[in-house]
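Data first, discussion second: the structure below is written as structure tokens.
For ligands, and for the atoms within them, numbers begin at 1 and follow the listed sequence.
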Amino acid sequence: MIVERFFCENFRNLKNIEIEPCPNINLIYGQNAQGKTNLLEGLWLFTGLRSFRGTKDAELKSIDCGENDRTKLGLRFFGGERHQEAEILIEKKRKAFLNGVELKKSAELSEHCHAIIFSPDDLTVIKEGPQERRRFLNTAICEVYPAYSELLKKYNRVLQQRNSLLKDLRYRDTMYAFLEDYEKVLASYGAKIIYTRKRYLEKISKYLPEIYSGLSGRREEIFMRYETAAEDTEEAIFEILKKNRAEDILNGSTSVGPHRDDLSFTVNGLDVRKFGSQGQQRSVILSLKLSEAEMLKNVSGEQPIALLDDVMSELDPLRQDYILNHIKNWQVFVTLCDPFSIKRLKAGRTFHVEKGTVTKTGEN
Ligand SMILES: Nc1ncnc2c1ncn2[C@@H]1O[C@H](COP(=O)(O)OP(=O)(O)O)[C@@H](O)[C@H]1O
Ligand SMILES: [Mg+2]
């Protein structure tokens, strides 16, 4: 998709802005805390997903706006081979409109608007524990298979039910028979989740090694693996759950299943999490994001827009070149403090952000 116009009112510190980006590289520059990331976040909301900063919708409204002021975002874009308009209203619930018609759920926007986001916070995917990597994987999959999010919800609900039963069973064993019922359902959803994740990762793996190798100047090789103690068949998961009952009752929690799984990355044979340099960790995330974009393009037939928050300033010119060349046929929004460092590289449009106002400053 190509964004032709974007506006927002009373969104974070962006009181009233409107931009007309160009179809290739858009540089958004300005000092810290001026609203650059907010602008990317505003664009991101059109994917129908939650804010990539994990912010609740209510917090997206400008803090100092009046009770009658509405928070509204709008997008004119070219997608699905035509010009379209989307709008988002942030009230108690988020409302979304496409070409003037209100959508049943704002999440339906994900079928029409596609984007990938790289944010410096994504480095936690490598640095922190498995929970971050599962979250990353889940978000990526939701964008391609919207039904997956329902599956996760159902799984988590039954997981909680089994866990509270496990705790009860420490004191009274009259309800033991229920355990099997929960486990059957859990195994069935769990198998579907693991299967979907593995299939997704297989698809990503078609692009990831090539992109990572390019980014590292052909000096490094990446390998990604899904780590699970469970299998992806319902029967196998059920058997493991049954086998672990005694231990699970003792701990009051379920020790095996997709909620405990992990992703691992090695570069030139070494675990990136433990041995990777900052640059390598960053490159892993970036290549993952670019692979995600390739995959989205394949699934939806549309090129997603790329939102790259604070990425360039930390990379050497070779890696910057690779990224910008790799995405030369995409629409990209790059935020940075100093626009001159990469201006030499590409034709594009520049926007200056200062205290929540955005001004177009150049075109080359
Ligand atoms: N809901 C909100 N209402 C008003 N201002 C906000 C809101 N949320 C964040 N801000 C302000 O936005 C600014 C940060 O914007 P951000 O886009 O993260 O900056 P940067 O340009 O460094 O990327 C901060 O000054 C913060 O106070
Ligand atoms: Mg920022």
**OP:** Measure the distances from the heavy atoms of S62 to every atom of ligand 1 and state whether one is below 4.0 angstrom.
**Re:** yes

Quick one: does [X] get an N or O within less than 3.5 Å of an N or O on ligand 1?
{"X": "D64", "value": "no"}
{"X": "E59", "value": "yes"}
{"X": "Q34", "value": "yes"}

**OP:** Would you list the protein N, O or S atoms within less than 2.8 Å of the Mg ion (ligand 2), leaving out water?
**Re:**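 Listed by chain and number, the atoms are T37 OG1.
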
**OP:** Using a 4.0 Å heavy-atom cut-off, say whether E41 meets ligand 1 through its side chain, its backbone, both or neither.
**Re:** neither

Original post:
For R157, which residues count as a side chain to side chain contact (heavy atoms under 4.5 Å, CB included) partner, sequence neighbours excluded?
Top reply: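 Listed in chain order: K153.
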
**OP:** Please indicate, with yes or no, if any protein heavy atom is found under 4.0 Å from atom 27 (O) of ligand 1?
**Re:** no

Original post:
Under 4.0 Å from atom 4 (C) of ligand 1, do we find at least one protein heavy atom?
Top reply: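 Protein heavy atoms within 4.0 Å of atom 4 (C) of ligand 1 - there is at least one.
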
[atom]: the protein heavy-atom neighbour that sits closest, reported with distance to 0.1 Å:
{"atom": "atom 18 (O) of ligand 1", "answer": "R53 NH2, 2.7 Å"}
{"atom": "atom 1 (N) of ligand 1", "answer": "K61 O, 2.8 Å"}
{"atom": "atom 23 (O) of ligand 1", "answer": "T37 OG1, 2.7 Å"}
{"atom": "atom 11 (C) of ligand 1", "answer": "N13 CB, 3.9 Å"}
{"atom": "atom 22 (O) of ligand 1", "answer": "A33 N, 2.6 Å"}
{"atom": "atom 7 (C) of ligand 1", "answer": "R12 CA, 3.7 Å"}

Original post:
Between E180 and F238, does a side-chain contact (heavy atoms from CB on, under 4.5 Å) hold up when you go through it step by step?
Top reply: CA-CA 9 Å; E180 180 154 328; F238 178 64; 3.8 Å; yes

Original post:
Which atoms form the tightest heavy-atom contact between E234 and A187, and what is the distance?
Top reply: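 Nearest pair, atom of E234 first, then A187: O-CB, 3.4 Å.
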
**OP:** Please report the shortest heavy-atom distance between Y212 and S287, naming the atom on each side.
**Re:** CD1-OG, 3.2 Å

Original post:
At what distance, to the nearest 0.5 angstrom, does CZ of F118 lie from CD of E292?
Top reply: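 Reported to 0.5 Å precision, the distance equals 12.5 Å.
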
Original post:
Between OH of Y29 and CD of Q34, what distance do you get to the nearest 0.5 Å?
Top reply: 12.5 Å

**OP:** Scan side-chain atoms only and decide if N138 and R197 contain a donor-acceptor pair under the 3.5 Å cut-off.
**Re:** yes

Subject >> Geometric class of the H259/Y155 ring pair [parallel <30°, tilted 30-60°, perpendicular >60°] >> reply: tilted

Original post:
Residues two or more places apart in sequence or in another chain: which of them pass salt bridge (Lys or Arg N to Asp or Glu O under 4.0 Å) with D261?
Top reply: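 Salt bridge (Lys or Arg N to Asp or Glu O under 4.0 Å) list for D261, sorted by chain: empty.
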
Subject >> Min side-chain heavy-atom separation V185-Q161 under 4.5 Å >> reply: no

Original post:
side chain to side chain donor-acceptor pair (under 3.5 Å): which pairs involve residues 96-107, sequence neighbours left out?
Top reply: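 Those involving residues 96-107 are Q84-N99.
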
Original post:
Looking at Q31, which atoms of ligand 1 are within less than 4.0 Å of one of its heavy atoms?
Top reply: 21 (O)

**OP:** Taking only heavy atoms of N32 into account, list the atoms of ligand 1 that are under 4.0 Å away from them.
**Re:**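 Listed by number with element, the hits are 22 (O).
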
Original post:
Any donor-acceptor pair under 3.5 Å linking the side chain of R349 with the backbone of E20?
Top reply: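 Indeed, once roles are kept as given, a pair shorter than 3.5 Å links the two residues.
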
**OP:** List the steps, then state whether side-chain contact (heavy atoms from CB on, under 4.5 Å) holds for V299 with Y145.
**Re:** CA-CA 9 Å; V299 172; Y145 310 115; 5.8 Å; no

Original post:
Between D309 and S119, does a side chain to side chain donor-acceptor pair (under 3.5 Å) hold up when you go through it step by step?
Top reply: CA-CA 5 Å; D309 195 16; S119 125; 5.2 Å; no

**OP:** Select the closest option to atom 16 (P) of ligand 1 among I63, T71, N38, judged by heavy-atom distance.
**Re:**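 Of the listed residues, N38 has the closest heavy atom.
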
